[in-house]
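Take a look at the structure below.
Each chain gets a letter, A, B and so on, in the order its sequence line appears, and its residues count up from 1. All values derive from a computational prediction rather than experimental measurement.
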There are 2 protein chains.
Amino acid sequence: MTTIKDVAERAGVSIKTVSRVLNEEPHVRAQVKERVLEAARELDYKPNRAASRLAGGRSFLIAHLYDNPNPSYISALHIGAARRCRELGYHLVVEPVNSQDKDLLGLVRRLFATIAPDGILLSPPLSENTEFVESVRQLGGRIALISATHGDEWTHISTDERGASKAIMAHLLGLGHRRIGFVRGHPQHFGATLRYDGYCQSLVEAGLALEPALVAQGYFDLQSGLEATRSLLALPQRPTAIFASNDEMAVGALMAAREFGLNVPEDLSIIGFDDTPMSRLISPALTTVRQPLEAMGAAGVETIVSPDKAPGDYLDFEIILRDSCAPPRG
Amino acid sequence: MTTIKDVAERAGVSIKTVSRVLNEEPHVRAQVKERVLEAARELDYKPNRAASRLAGGRSFLIAHLYDNPNPSYISALHIGAARRCRELGYHLVVEPVNSQDKDLLGLVRRLFATIAPDGILLSPPLSENTEFVESVRQLGGRIALISATHGDEWTHISTDERGASKAIMAHLLGLGHRRIGFVRGHPQHFGATLRYDGYCQSLVEAGLALEPALVAQGYFDLQSGLEATRSLLALPQRPTAIFASNDEMAVGALMAAREFGLNVPEDLSIIGFDDTPMSRLISPALTTVRQPLEAMGAAGVETIVSPDKAPGDYLDFEIILRDSCAPPRG
DNA sequence: TCTCCCTATGACAACGGTAACATAAAGAGC
DNA sequence: GCTCTTTATGTTACCGTTGTCATAGGGAGA
């Protein structure tokens with residue numbers, strides 16, 4: 001294995017100079033820098049990160065702590081994060097946990113003591129636990145929060161879920177829907193609240209009444225979506241469209257529609273959120289919202305590696321129009 | 001941060017002795033061992049893995065190289081692998097890659113040069129690429145292969161996919177089906193071949209003819225499952241059941257059935273494979289096969305950490321009976 | 001009883017980087 | 001031209017562990 005010493009020798013400089021060049025520290029002449037870089041290239045030198053870390057530098061590891069609500073969500077984050085990591089010479093360590101675990105903080109502490117990641121990526125629901133986030137912060141590590149907002153605004157990676165919700169509503173209203181049912185997401189999920197906000201704002205801005213009866217509570221799982229939609233469809237004056245706060249509940253909504261003998265989208269339009277793989281596979285395919293999850297994972301890594309870079313704006317969402325929406329009957 | 005030195009001091013021994021105890025090396029008196037362990041416990045000592053690695057020991061990192069065919073598959077592997085890693089003091093590094101990438105081996109080489117994982121977990125399709133697997137092996141790292149078989153049999157983690165296929169067939173045959181269509185999986189996927197093998201063997205053992213017309217090629221995606229099933233249902237004497245080599249194609253089969261005006265399961269039974277989350281959500285819910293993916297991930301880690309442990313037998317699959325199968329009409 | 005070997009333990013170097021400090025050379029200000 | 005900074009580079013200690021080798025003591029075999 002070639003080491004920094006070999007590179008130094010070949011370039012005719014000291015190892016410290018090589019270190020400087022490789023870490024982009026100042027005070028190296030352009031000419032020397034070039035010489036070092038070339039030597040490194042020729043020897044195919046790759047720094048030993050265990051040594052970097054031990055000497056007080058970075059570990060080039062980023063840990064993603066998550067409690068898995070949804071494989072495709074996590075998977076997409078991983079792909080985006082890992083790709084960016086690779087570009088930056090980092091590596092992504094995954095730590096699936098149980099968010100109910102009493103000793104979560106102990107796990108983080110152990111993480112720092114053993115592999116000392118340069119930062120920690122937190123996704124919902126972990127990123128929404130203010131107390132936990134603060135504790136982790138106090139342990140000294142850098143943090144990037146996916147889809148959550150509290151404390152330092154620099155560290156947040158999110159899409160404008162409220163805006164996405166409004167865009168979906170605009171679509172529905174544009175089709176002519178006036179009675180739109182809403183299935184709320186898990187009460188502790190921050191994004192769920194934003195999605196609901198968007199729903200409410202859209203109605204108000206359209207000059208429509210906000211009927212509490214048209215809003216039902218769900219918990220992001222199929223069953224709750226099914227039950228919530230049942231209650232909505234049982235209304236004397238039933239909605240012509242259902243906006244579910246995520247895809248899984250939208251599938252529940254679809255089942256409820258079937259129970260009521262309603263055709264989707266002719267008799268009932270249905271909207272999901274998240275664009276899980278399933279929303280494409282189900283019939284009719286769901287109109288839904290896609291968050292740029294890979295970009296969010298990448299942005300999280302970015303935030304950790306270069307915390308002083310410009311605070312990221314919202315990342316763009318995308319409305320995926322498929323077959324579950326149509327103008328209302330009559 | 002407390003180091004090995006602190007522990008040594010507290011226990012009244014040299015750091016080397018502490019190291020010996022912690023690494024379960026021989027030649028330490030039970031009494032001393034106990035003393036060291038207690039000191040470590042009291043100080044909440046956690047070894048610095050960068051230092052371990054640098055000194056020529058293990059890195060306590062295991063990398064999972066994968067090309068993501070299916071988020072829930074990968075996710076389950078990660079959960080199982082990461083859990084076992086945690087129990088063993090290891091950490092799981094994820095490396096999603098493009099299996100078509102020309103420089104895959106370069107990536108592995110870089111991996112070894114920078115973070116030097118103690119082993120590499122390979123899942124399909126990577127684990128099925130003999131040439132690649134051999135190259136990685138030559139780079140010196142330990143390997144665990146998920147669902148693939150070649151070379152050293154110690155390093156394989158798999159379920160008996162042929163057996164699972166036969167179990168599914170037994171179920172179908174038990175229901176009374178005699179004309180069973182089969183949608184093959186991707187030709188390069190080893191498991192797909194095993195599943196097909198199971199289908200063939202079952203027919204033969206049941207004394208039924210193996211009709212080539214009842215077998216259609218698919219590629220694991222929805223569209224190919226849809227098309228394959230269409231061709232099967234267009235047969236003059238159509239099958240009463242369709243066994244698709246994975247869930248996604250089974251969904252395609254479901255759609256094809258609908259196109260033909262067939263009710264599932266009354267007019268047509270459908271079987272999937274993999275038990276993806278979708279198979280539970282779709283209507284009718286799919287009867288399918290579940291592989292113990294978490295256990296497989298854990299076994300992979302185990303294989304890497306303790307390569308001389310007993311070669312794992314097949315891990316048990318499970319038949320998940322749901323609503324997509326019924327006795328044939330008439 | 002005397003080797004010889006094995007067990008239990010420690011001292012110390014080594015791993016491959018980075019940080020702190022030293023130093024030489026080059027500009028800046030007067 | 002002379003001091004005072006600043007820039008460019010090198011020297012060396014150090015990070016926290018494991019490997020190598022040395023050594024003392026105890027038991028087995030002759």
- Message: For B:R84, is there an ion pair with B:E87 - N to carboxylate O distance below 4.0 angstrom?
- Response: yes
- Item | d(CD1, B:I4; P, D:dC15) in whole Å | 14 Å
- 5'-most to 3'-most nt of DNA chain C touching chain A (<4.0 Å, heavy-atom partner on protein side) reads C:dG16 to C:dA20
- Task: Give the rounded distance in Å between these two atoms: CD of B:E24 and P of D:dT17.
- Result: 17 Å
- Query: Can a salt bridge be assigned to the pair B:E38 and B:R10 using a cut-off of 4.0 Å between side-chain N and carboxylate O?
  - Reply: no
- Item | Backbone of B:A11 reached by a side-chain donor or acceptor of B:R35 within 3.5 Å | yes
- Message: Would the base of D:dG10 count as contacting A:R20 through its side chain, where contact means a donor and an acceptor less than 3.5 Å apart?
- Response: yes
- Query: Once you round it to whole Å, what is the distance between C1' of D:dG16 and CG of B:N23?
  - Reply: 13 Å
- Closest to the side chain of B:K16, out of D:dA8, D:dT20, D:dG16, is D:dT20
- Message: Please determine whether a side-chain nitrogen or oxygen atom of A:S14 lies at a distance below 4.0 Å from atom OP1 or OP2 of D:dG10.
- Response: yes
- Message: For A:N48, give me all partners under side chain to side chain donor-acceptor pair (under 3.5 Å), at least two apart in sequence or on another chain.
- Response: none
- How long is the line joining CD of A:E25 and P of D:dT7, in whole Å? 15 Å
- Query: When rounded to the nearest 0.5 angstrom, what distance separates OG1 in A:T159 from CD1 in A:I146?
  - Reply: 10.5 Å
- Query: Do A:H78 and B:Y66 have ring centres separated by under 6.0 Å?
  - Reply: no
